[in-house]
Every structure is written in C-alpha cells, then in structure tokens.
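Reviewing the structure listed below.
Ligands are counted one by one from 1 in listed order, and the atoms in each one are counted from 1 as well. Positions are given from 1, in the same order as the sequence printed here. Because the structure is predicted, anything quoted here is derived from the model rather than measured.
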Amino acid sequence: MRQPIMYISIISLVLLAACSFLASANGTTVSQEVKEYSEYDLDMKSEILEFEEYHITIHYPETPNTQINQTIIDYVNQIKSKFKQESYQAMQVMKSHSSHELHVDFEVLHESEQYFVIHFDETMDVGYPDISKSRTIMNFKKENGQRLETEDLFNQEVDYLQALADLTNEKLEEEFGKEINQNSFLEKATAPLPSNYQNVAINSGGVTIFFRDGVQPEEISLKMDNINEFLHPEITVVENEALHEATPSIEGLKSININGEDVKRPHGENKKIALTFDDGPHPQKTLDILEVLERYDAKGTFFMLGKRVSYYPETAQEVVTEGHEIGNHTWNHPCLTRLSKDEVVRQIQATKEIIQHVTGEETTRVRLPFGENLSAPYYGTMEIVPWDVSVETWRKENPRQIADTFISEINDGDIVLLHDLEGSTPEVLDMILASLSYEGYEFVTLSQLEEK
Ligand code: ZN
C-alpha cells in the first residue's frame, strides 16, 4: 500500500521501540504475532484535462484486482459524461462562458482481508449559483472484486431500511441530544428510503452511513452489535481487523506557516530556460523524464500535487536526489476560484507540508491549477510561477510536430510548462533538449534562472 507507508512506518518504529524496551525489561524476546494480510499496492491515477469550456480533474485508485478497477473506470466514465451533458445543458440555458469544472477525489475508507472501501467526493460546477457536491461509496469484496451496494450488505428478509433509520436516529440522539431529531431536514435525510442509504460503508467495527450533501452531521457510524442481526449472512465484519482506516487527507495534515519570498525573475543572458513539470509525481513518467534530463545535464522544477506525493514519496525524493527542484501545485488540483479562503490555504499548506515531510525540501513557489495564474485567489506569500511557453503534449499530434512547434516559439529566459502525467512528454522532451542543446541553451531550475 503506497499512501500510508510513511505513516505506518512511523507507527511501527514506535511499536518496535516499545517492543524492544519490553523485551529488554523482561529479559526475553517478544515474538510479534501480527496477522498478515495481502494489502493492496494501490496506484493513484489522475486525469487532468483543461479545455476552454471546462476543466476536469479526476483522481482514482487502481488496485491489483481487475474487476474492481473496471467498476471504478465505469464510474469515472459515467461521471465524466454526466458532467459533459450537464455542462452542455447549462451552457444552453445560461449562455455563460465561465469555465465549468468537474473535480473528483477519493479516499480509501477501509481495507481488511475481505473488503476494500472507497469514498469518492464529487464536485460539479456548471456555472449555477449552487455548486453540486455529492459522494459515492464503493464497498468491494476482495475475493472476487464484486461491488456490494447497500442491498447486498443487508438481509433482504428483514426491513433493513427501517432498521437503519431507527438505529441512525437512536445514534444521532445519543451523540447530539434529543433536539437533533426535531430537525426536519435531518428527519427527511434519515427516513427509511433507499435513496437515503445509498452510501453505507463497511468499517472495522460496523458500518458508516454517509448522508446526502448538505446534511449535518455528514455521517454516523453504527456498531456491529447493533446491526449484526440485519446484515446479510455473508457479510462479516470482524472488529479491529482493518489494515487502516482512511488514508492521509488534506484535513489530516496539521497546518504550518507559509514563509515564502517574493522573488523577481530577470531574463538571463546566457541562453537559459527553466523547464517545469506539473501534475506529478508519476511512478513511471517522472522517472522517464529524469532519465532524459540527466542525459542532457538538464535541471528542472517539478510542481507536484500533495496527494500524489503521498502516494509516490520515493519518486518525489528521487527528483530532489537528482538535483531538481520541487514546487507546490496544490493538494488535489481544484479550481481555486470556487474554494473558500480556508480551503485554498489548506490546499497549499498541506502540499507544502507533505513535500517537506517526504523530501526535506521547503517549497517557496506555487503554480495554481488550470492556468488561473495571477487572477486566482491566493492568500500566501509564495512566489506564483506562470509560464511563457507550454509544450502541448495533450494535443494528440505526433511528438515531432509538438516538439517543432515548441522549438519555434522558445526564447532565452523562458519558463516552459510540461506535464509529468502525459504519455508523450519524455519523448517530446528528448527531441526538444537535443535541438536546444545544439543551439547552446542551458536548462536550469527556477532558482538558477532567478540568479543574477
Ligand atoms: Zn496542473
């Protein structure tokens, strides 16, 4: 499992220290009896698309189980087409030209020997005053990759919806007092209807019910003792068998201060350009890019997404080890224009913190998602880095054509935008560096470009 690796290892270090202390205190060896599960080695996939009419960012996990992956891909495709349809309709109604956005991120809620549970957070902004937010919970059986919807979790022979409604209301009262059940909004949201209980997640000690968006509290957990009799006979939730509950999220990281400097950028005299790579790290593409850079003795700056750094800490570390710089590209690539000030600050700070935690480097530069450069709301003091020329590998032209177009546009002192996630970047980069080295260009980090 990639994401929680460092957090788990910190905990195990503490445990190991405690064990060795105990062992020496007793004068005996403590044999650890840790149950071994085959935990998923997750990959984090990110699709980032920038068109004039809309922006799409979708992050989703890829597991070793192809059936699970197929269900997730189907979901991703479905939500994309739903968004495009709504975006098109809104455009007809509003005749507005503001750019629409689809943003989907995920969290692993629970993983045990039997189950794998993901939470997808969906935001759709098609220009209406209310931005639509929703969630999708997916419980999977690891054994066969089958998705378990609410009706698969519960015994069809009992009125499980009524049971869920009763238990939910009881729990709400227990946690928030009697007054909570006089809230008519909440009463509607907990009524025994299938639509109210679409998002039920298996957890280590029972289930968590997520209410529809806008309801407070957002979720409530029911213990195994209470729900056991209503569960489908094949569903077994063993207390405390979870491998982990939730992966590090932006909220989980403690805040730190941003201490950046505002640095002016003079154009260099010795034919220098600064290559920048956005949206990574990627476990393969970033390494391919590093290899090309090394061949031309080129240095670059990588604007990373905090969440991807938490999945691929080794790749982020490798970038630093090879002498390149790391910049901040937010936690999960939202359009900052729709976020509150607090959310924007958290996006930047959490990313800054994870980069520092993983690589020891303090980032002093930020690149805001979707070219919202100087106009986007940004409340920190880090240097916002725009770009002069972008290498448009997302255009499906052939690499030679993309490289040639770019080479004809480049000037001394330019900042160049490339993307780690995109397929042809290493190939195009190789062609560009071959031509420009020949013309006497040097490829430097942003710090080096700013020197002198
Ligand atoms: Zn980006």
Under 6.0 Å between the ring centres of F120 and Y75?
yes

So, for H55 and F370, is the gap between ring centers shorter than 6.0 Å?
yes

Mind listing the protein N/O/S atoms less than 2.8 Å away from the Zn ion (ligand 1)? Waters don't count.
D279 OD1, H329 NE2, H333 NE2

In terms of side-chain heavy atoms, does T123 have a donor or acceptor partner in H103 at a distance below 3.5 Å?
no

For P281 and Y312, work out which heavy atoms get closest and say how close.
O-CD1, 3.7 Å

Between F210 and H119, is the ring centre distance below 6.0 Å?
yes

Sequence neighbours excluded, the answer for salt bridge (Lys or Arg N to Asp or Glu O under 4.0 Å) partners of E427 is none

